[in-house]
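Heads up, the thing below is written out as structure tokens.
Position 1 is the first residue of the sequence; numbering continues from there. Note that the coordinates shown come from a computational prediction; the quantities given were computed from them, not determined experimentally. Only this structure's heavy atoms are used, side chains among them; waters, hydrogens and symmetry mates stay out.
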Amino acid sequence: MACQMVPCPHPGSEPANPRPPKQNVQHFKMRKVDLCLSSEGAEVILATSSDEKHPPENMIDGNPETFWTTTGMFPQEFIICFHKHVRIERLVIQSYFVRTLRIEKSTSKDPVDFEQWIERDLVHTEGQLQNEEIMARDGHATYLRFIIMSAFDHFASVHSISAEGTALSNLS
């Protein structure tokens, strides 16, 4: 049996807060997420070295047990594509043996026109991961290029890249 609207027996006593008519409006909810996770659509589209046991995709898979390793010689780099326009507010890079890291960004539809954004000298942490947290300014990007300029050893590893922020719009 369906519910029915029953008229009020007292004329002129309409509800104080009548419901507004339903409109067909879709709201785009901007929520902060880890934009670098592959589960959020991020992808490593280039890496200058690859080891089949430790591929570049490991940096963005969300698994703390996996990592990407360089295969010697520096600089080494990788590019992360978001497949959308994003605003990054905070970056966290977990790595091992990285000495100098440069991060460039692009807002282009293709991975071109990168501009230098951040450069950091990381502290060597004997026997534990480096955990570099960067509060980002002007973090609008569609691509990020990470360049390991130098390392504390012949090899370096990147265990995770996290970019907290919001997706602004899809690439068109």
Side-chain angles (χ1 to χ4, degrees), residues 22-70 75-123 125 128-149 151 155-172:
K22 264 194 168 179
Q23 296 176 357
N24 192 8
V25 177
Q26 291 183 336
H27 296 280
F28 181 69
K29 211 176 213 181
M30 294 199 339
R31 59 187 176 93
K32 287 185 187 178
V33 296
D34 184 350
L35 299 163
C36 280
L37 287 174
S38 53
S39 61
E40 287 292 329
E43 180 181 14
V44 179
I45 60 166
L46 176 132
T48 53
S49 62
S50 185
D51 177 317
E52 65 183 42
K53 292 181 182 176
H54 306 290
E57 297 77 27
N58 286 355
M59 295 180 286
I60 61 172
D61 66 2
N63 181 348
E65 303 297 316
T66 62
F67 58 91
W68 170 68
T69 186
T70 66
Q76 294 280 334
E77 69 180 69
F78 58 92
I79 297 175
I80 295 177
C81 174
F82 297 108
H83 295 289
K84 53 193 156 204
H85 296 285
V86 300
R87 185 179 70 232
I88 299 166
E89 297 173 17
R90 185 173 77 108
L91 282 169
V92 178
I93 298 102
Q94 291 188 322
S95 57
Y96 200 63
F97 286 136
V98 173
R99 182 187 299 259
T100 302
L101 177 67
R102 177 182 297 159
I103 305 169
E104 299 175 347
K105 64 180 184 144
S106 172
T107 55
S108 298
K109 187 176 178 182
D110 297 310
V112 295
D113 301 326
F114 283 91
E115 62 183 63
Q116 186 168 331
W117 186 34
I118 297 165
E119 186 162 334
R120 289 283 171 94
D121 289 321
L122 280 60
V123 175
T125 53
Q128 60 184 1
L129 286 177
Q130 296 162 301
N131 196 47
E132 189 69 19
E133 182 175 338
I134 301 166
M135 297 309 289
R137 293 178 186 260
D138 189 27
H140 294 265
T142 50
Y143 297 90
L144 290 181
R145 176 166 46 196
F146 294 80
I147 305 168
I148 300 172
M149 304 297 293
F155 300 93
S157 61
V158 178
H159 294 251
S160 73
I161 301 290
S162 175
E164 182 181 289
T166 52
L168 301 177
S169 64
N170 291 325
L171 289 178
S172 50

Partner residues of Phe97 under the ring pair (Phe, Tyr, Trp, His ring centres under 6.0 Å) criterion, sequence neighbours left out: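 Checked Phe97 against ring pair (Phe, Tyr, Trp, His ring centres under 6.0 Å); matches are His124.
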Residues which pass ring pair (Phe, Tyr, Trp, His ring centres under 6.0 Å) with Phe146, listed by chain and number, not counting sequence neighbours: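 With sequence neighbours excluded, Phe146 shows a ring pair (Phe, Tyr, Trp, His ring centres under 6.0 Å) to Phe78, given in chain and number order.
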Working for side-chain contact (heavy atoms from CB on, under 4.5 Å), residues Tyr143 and Phe114: CA-CA 8 Å; Tyr143 297 90; Phe114 283 91; 3.8 Å; yes
Side-chain donor-acceptor pair under 3.5 Å between [X] and [Y], yes or no?
X: Asp113; Y: Ser106; result: no
X: Thr66; Y: Asp61; result: yes
X: Gln76; Y: Thr48; result: yes
X: Thr69; Y: Asp51; result: no

Test item: Thr70 and Ile148 side chains (from C-beta on) under 4.5 Å apart, heavy atoms: yes
Side-chain heavy-atom pair Asn58, Asn63 within 4.5 angstrom cut-off: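 No. Closest side-chain heavy atoms not under 4.5 Å.
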Rounded distance (nearest 0.5 Å) linking atom [atom1] of [X] with atom [atom2] of [Y]:
X: Leu35; Y: Thr166; atom1: CG; atom2: OG1; result: 7.0 Å
X: Thr100; Y: Asp121; atom1: OG1; atom2: CG; result: 4.0 Å
X: Ile118; Y: Arg102; atom1: CD1; atom2: CZ; result: 12.5 Å
X: Glu104; Y: Ile79; atom1: CD; atom2: CD1; result: 9.0 Å

Judged by atom type as modelled, is there a donor-acceptor pair below 3.5 Å linking the side chain of [X] to the main-chain atoms of [Y]?
X: Lys84; Y: Ala42; answer: no
X: Ser95; Y: Val98; answer: no
X: Asp110; Y: Val112; answer: no
X: Trp68; Y: Ser49; answer: yes
X: Trp117; Y: Ala136; answer: no
X: Glu77; Y: Arg145; answer: no
X: Ser162; Y: Leu91; answer: no

side-chain contact (heavy atoms from CB on, under 4.5 Å) between Met135 and Glu89, intermediate numbers included: CA-CA 6 Å; Met135 297 309 289; Glu89 297 173 17; 5.7 Å; no
side-chain contact (heavy atoms from CB on, under 4.5 Å) between His83 and Glu43, worked out: CA-CA 8 Å; His83 295 289; Glu43 180 181 14; 2.7 Å; yes
Derivation of the side-chain contact (heavy atoms from CB on, under 4.5 Å) call for Ile88 and His140: CA-CA 6 Å; Ile88 299 166; His140 294 265; over 6 Å; no
Intermediate values then yes/no, side chain to side chain donor-acceptor pair (under 3.5 Å), Gln94 and Ser160: CA-CA 5 Å; Gln94 291 188 322; Ser160 73; 3.2 Å; yes
Nearest heavy atoms of Val44 and Met59, plus distance in Å: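 Shortest heavy-atom contact: CG2-CE, 4.2 Å.
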